[in-house]
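Only one structure is covered here, and it is reproduced in the block below.
Start at 1 and go down the list; that is how both ligands and their atoms are numbered. Treat the numbers as computed from the prediction; the structure is a model and nothing was measured.
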Amino acid sequence: MNHCISVVNAGSSSIKFSLYDNLDKENLRLIFTGQIDGIGTAPRFKAKNAHDEIVEEQAWENSPDADHERLMEHLIGWIRKNRQALNLELVGVGHRVVHGGEFYSHPQLVDEAVLTILERFIPLAPLHQPHNLRPIRSVAKLNPDTPQVACFDTAFHATNPRKAQMFALPRWLTDEGVRRYGFHGLSYEYVASKLPEYDPVAAQGRVVVAHLGSGASMCAIQRGKSIASTMGFSAMDGLPMGTRPGNIDPAVVLYLLQEKRMDTAEIETLFYKQSGLLGVSGISNDMRELRQSADPRAREAISLFEYRIQRELGSLVATLGGLDALVFTAGIGENDADLRARVCECATWIGVKLDPEANRNREPRISSNDSAVSVWVIPSNEELMIASHTRDVVAGMIHPFPARSDYRA
Ligand code: ADP
């Protein structure tokens, strides 16, 4: 019987999953991937094989029978049925967990004590952490003997120097954990692990990665390690995003509380769901829709997004003391050639020179041969990163197979 690992990435209205085997080989192999989305409205289940062909689809009327827990039970049952048909034994489940707090800077085998600690970080990421943790309980209930591994979005940034982590707030708040953590770490870690295949010299130098999706952030990486990023205490800081404003003056919060008499729930909704590209355009949080719109507010939203990327790039390059490579990743970064062109145009001062044709064709290298900074499009794969970490953590626990670090040695 072959071994396999499943990966779960659960949000407020969706649960993404994938299944990998070939744990004893250097490259894990994707077997299935899919998601349940529309949770809370009209849940739909879809699974695809590694050739991107749909192998199963199902839809539910919204009802109490289709809540997170029931849908997770459905998913666990589906995975069990399909892996058994392929004669695969499940040796671990890896979970994306947004916040590891100050406790966890590496993937962590989860038991009840760890779960209790992770639940303490819910106030630090109220819209993500509870949804990330819920499937861990579901798996523990239905498959109590299967090891589960939490992989954190904050962990990659644990290498940030203390001054990059601190707010200039009274010390007691810093001591309590009110500080910058940074997020999208699994994406950055994956990109940092791929860059040496494309540009081994720059990968050992100074790199900025722009993860531009519904959530957006940028990270400064020096010799493969994160030294600064645009997200901070929460995943709301830094760049404007689909529905989040990014960095704003904290006095705006006081103004909303004192002058507009908004309560905390209203402010939370404003900042997490009604701002960013959606708030500025009044049209959509989806970049594709904004690109197709002739409305000047859509143009303004895109232009603000580009401007803020340009400013953050300058700040991160200053932190690095120069730049050897710039990498675009995630939905917008991988697909929006116009946005990449605009960011590169504004970065000529650092030595970036775009190859417009390579950019239109979405080649991995989109900078010209004489560009002082190499510029790349590298698709992110957070699921594979989680699967790989999970393999490393469970290696040797049940049935011996080598951890990835052993392949590198
Ligand atoms: P997340 O995983 O955070 O939900 P993604 O990385 O999937 O986000 O990115 C979603 C964003 O990518 C959306 O704003 C979407 O409009 C944008 N996007 C996807 N394809 C394209 C495209 N071809 N051109 C421009 N934007 C795109």
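At the shortest separation from atom 18 (N) of ligand 1 among protein heavy atoms lies Gly331 O, 3.7 Å. Among all non-hydrogen protein atoms, the one lying nearest atom 17 (C) of ligand 1 is Ile332 CG1, 3.5 Å. Looking at atom 22 (C) of ligand 1, its nearest protein heavy atom turns out to be Asn335 CB, 3.3 Å. Summary of contacts: the protein heavy atom closest to atom 15 (C) of ligand 1 is Asp286 OD1, 3.6 Å. Given atom 2 (O) of ligand 1, the protein heavy atom at minimum distance is Lys16 NZ, 4.2 Å. Protein heavy atom closest to atom 1 (P) of ligand 1, with residue, atom name and distance, is Ser214 OG, 3.6 Å.
Remark: the Gln165 side chain and the His157 side chain contain no N/O donor-acceptor pair separated by less than 3.5 Å. In this structure, a donor-acceptor pair under 3.5 Å is absent between the side chains of Arg308 and Asn247. Side-chain contact of Asn335 with Arg362: a donor-acceptor pair under 3.5 Å is present, judged by distance alone.
Within the 4.0 Å heavy-atom shell around ligand 1 one does not find Gly242. The closest approach between a heavy atom of Arg288 and any atom of ligand 1 is below 4.0 Å.
Within the structure, the ring pair (Phe, Tyr, Trp, His ring centres under 6.0 Å) test picks out the following pairs touching residues 354-381 (sequence neighbours left out): Tyr198-Trp376.
The closest heavy-atom contact to atom 13 (C) of ligand 1, among the options Gln292, Met287, His184, comes from Met287.
Centroid-to-centroid, the aromatic rings of His128 and His99 stay 6.0 Å apart or farther. Between Phe45 and His74, the distance separating the two ring centers is shorter than 6.0 angstrom.
Close approach to Gly215 involves these atoms of ligand 1, each under 4.0 Å from a residue heavy atom: 3 (O).
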Pair Thr329-His211, side-chain hydrogen bond (donor to acceptor under 3.5 Å, both in side chains): steps then yes or no: CA-CA 5 Å; Thr329 194; His211 175 111; 5.3 Å; no
